[in-house]
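This report refers to the structure that appears directly beneath it.
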Amino acid sequence: MQEAIRLAHEGMRNGEGGPFGALVVKDGHVIGKGCNKVAAQSDPTAHAEIVAIREACRYLGHFQLEGCVLYTSCEPCPMCLGAIYWARPERFFYACTKTDAAAIGFDDKFIYEELEIPLGERKIPAEQLMREDALKVFQQWSALGNKFVF
């Protein structure tokens, strides 16, 4: 966890993004690490956890982090939590809470609130288009014999 906190401080000090750091460990070795790079990369998905997960997956040559542990300097936001669940590490640890993050201006409460509102009524409305066409691709996927399964 000390390394995740150090990465948070380093990234913040270098102007890469907010004060967040994360790392992925497998068998006692760091295989992915990152700090928040949202500002440096002009990428709203470049959160520390995402950066660390991407690096670890490249190292492993696989999209899942089986047998890995993630350490993050703050409780993950909804996007990062989703990525953590998709990556399926063994577990994760965090230092600061989402309440601590909100106190310094990183408040994800609005996202949690938006998830409870029907799609068409959200601040960024969503509308379904061309479902039947897209379902054809899903049907083709289902028929594949060599597909990977989550």
Side-chain angles (χ1 to χ4, degrees), residues 1-12 14-98 100-101 106-117 119 122-124 126-150:
M1 183 60 76
Q2 187 62 46
E3 177 65 4
I5 295 167
R6 187 194 70 72
L7 288 164
H9 186 256
E10 180 181 300
M12 174 194 69
N14 293 340
E16 295 185 74
F20 304 98
L23 57 112
V24 177
V25 175
K26 183 172 178 93
D27 300 326
H29 301 290
V30 176
I31 62 168
K33 63 183 178 179
C35 61
N36 182 295
K37 295 180 181 279
V38 169
Q41 295 182 358
S42 298
D43 180 354
T45 69
H47 289 199
E49 296 92 336
I50 304 292
V51 172
I53 288 169
R54 287 174 179 162
E55 187 174 292
C57 287
R58 277 192 301 273
Y59 175 86
L60 293 173
H62 198 267
F63 58 89
Q64 293 189 327
L65 300 176
E66 188 174 305
C68 296
V69 177
L70 179 110
Y71 295 85
T72 180
S73 65
C74 187
E75 184 176 356
C77 74
M79 177 184 68
C80 291
L81 187 60
I84 290 166
Y85 273 84
W86 280 115
R88 293 177 171 80
E90 186 175 299
R91 66 189 310 174
F92 73 92
F93 296 93
Y94 63 94
C96 292
T97 67
K98 61 185 175 185
D100 297 329
F106 294 92
D107 192 354
D108 301 323
K109 182 180 175 188
F110 76 98
I111 296 173
Y112 291 107
E113 291 171 349
E114 283 285 298
L115 292 174
E116 300 300 320
I117 300 170
L119 285 170
R122 294 180 183 172
K123 288 185 174 124
I124 302 174
E127 185 176 341
Q128 188 175 28
L129 298 173
M130 300 181 68
R131 179 175 180 261
E132 294 304 318
D133 292 335
L135 277 174
K136 290 175 187 171
V137 179
F138 277 15
Q139 291 162 352
Q140 291 172 6
W141 168 261
S142 292
L144 286 176
N146 63 342
K147 64 183 176 232
F148 55 87
V149 181
F150 297 98

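We're numbering straight along the sequence, starting at 1.
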| task | Count the heavy atoms of every other residue, nucleotide or ligand shown that sit under 6.0 Å from OH of Tyr85, and state whether that count exceeds 12. | result | no

With rounding to the nearest 0.5 Å, note down the distance linking [atom1] in [X] to [atom2] in [Y].
X      : Y      : atom1 : atom2 : value
Glu113 : Lys123 : CD    : NZ    : 7.0 Å
Leu81  : Ile111 : CG    : CD1   : 11.5 Å
His47  : Cys80  : NE2   : SG    : 5.5 Å
Ser73  : His9   : OG    : NE2   : 12.0 Å
Glu3   : Met1   : CD    : CE    : 11.5 Å
Ile53  : Arg58  : CD1   : CZ    : 12.0 Å

Check whether any side-chain N or O of [X] sits under 3.5 Å from a backbone N or O of [Y] as a donor-acceptor pair, and report yes or no.
X      : Y      : value
Asp107 : Lys109 : yes
Arg88  : Trp86  : yes
Glu114 : Arg122 : no
Glu55  : Lys33  : yes

Could you tell me if the side chain of [Y] sits less than 4.5 Å from the side chain of [X], heavy atoms only?
X      : Y     : value
Phe106 : Cys74 : no
Pro89  : Ile84 : yes
Ile50  : Arg54 : yes
Cys68  : Ile31 : yes
Cys57  : Leu65 : yes

Looking at every non-hydrogen atom in both residues, tell me the closest pair between [X] and [Y] and how far apart they are.
X     : Y     : result
Gly34 : Val51 : CA-CG1, 3.7 Å
Gly11 : Cys35 : CA-SG, 3.6 Å
Pro44 : Met79 : O-CE, 3.8 Å

| field | Those residues that, when tested against Tyr59, pass ring-ring contact (aromatic ring centres under 6.0 Å, His included) (two or more places apart) | value | none

| message | Could you work out, with ring-ring contact (aromatic ring centres under 6.0 Å, His included) as the rule, every residue matching Phe93, not counting sequence neighbours? | response | Tyr71

Pairs of donor and acceptor atoms involving the side chains of residues 21-30, under 3.5 Å and at least two apart or interchain, shall be tabulated with distances.
residue: Lys26; atom: NZ; partner: Glu66; partner atom: O; Å: 2.8

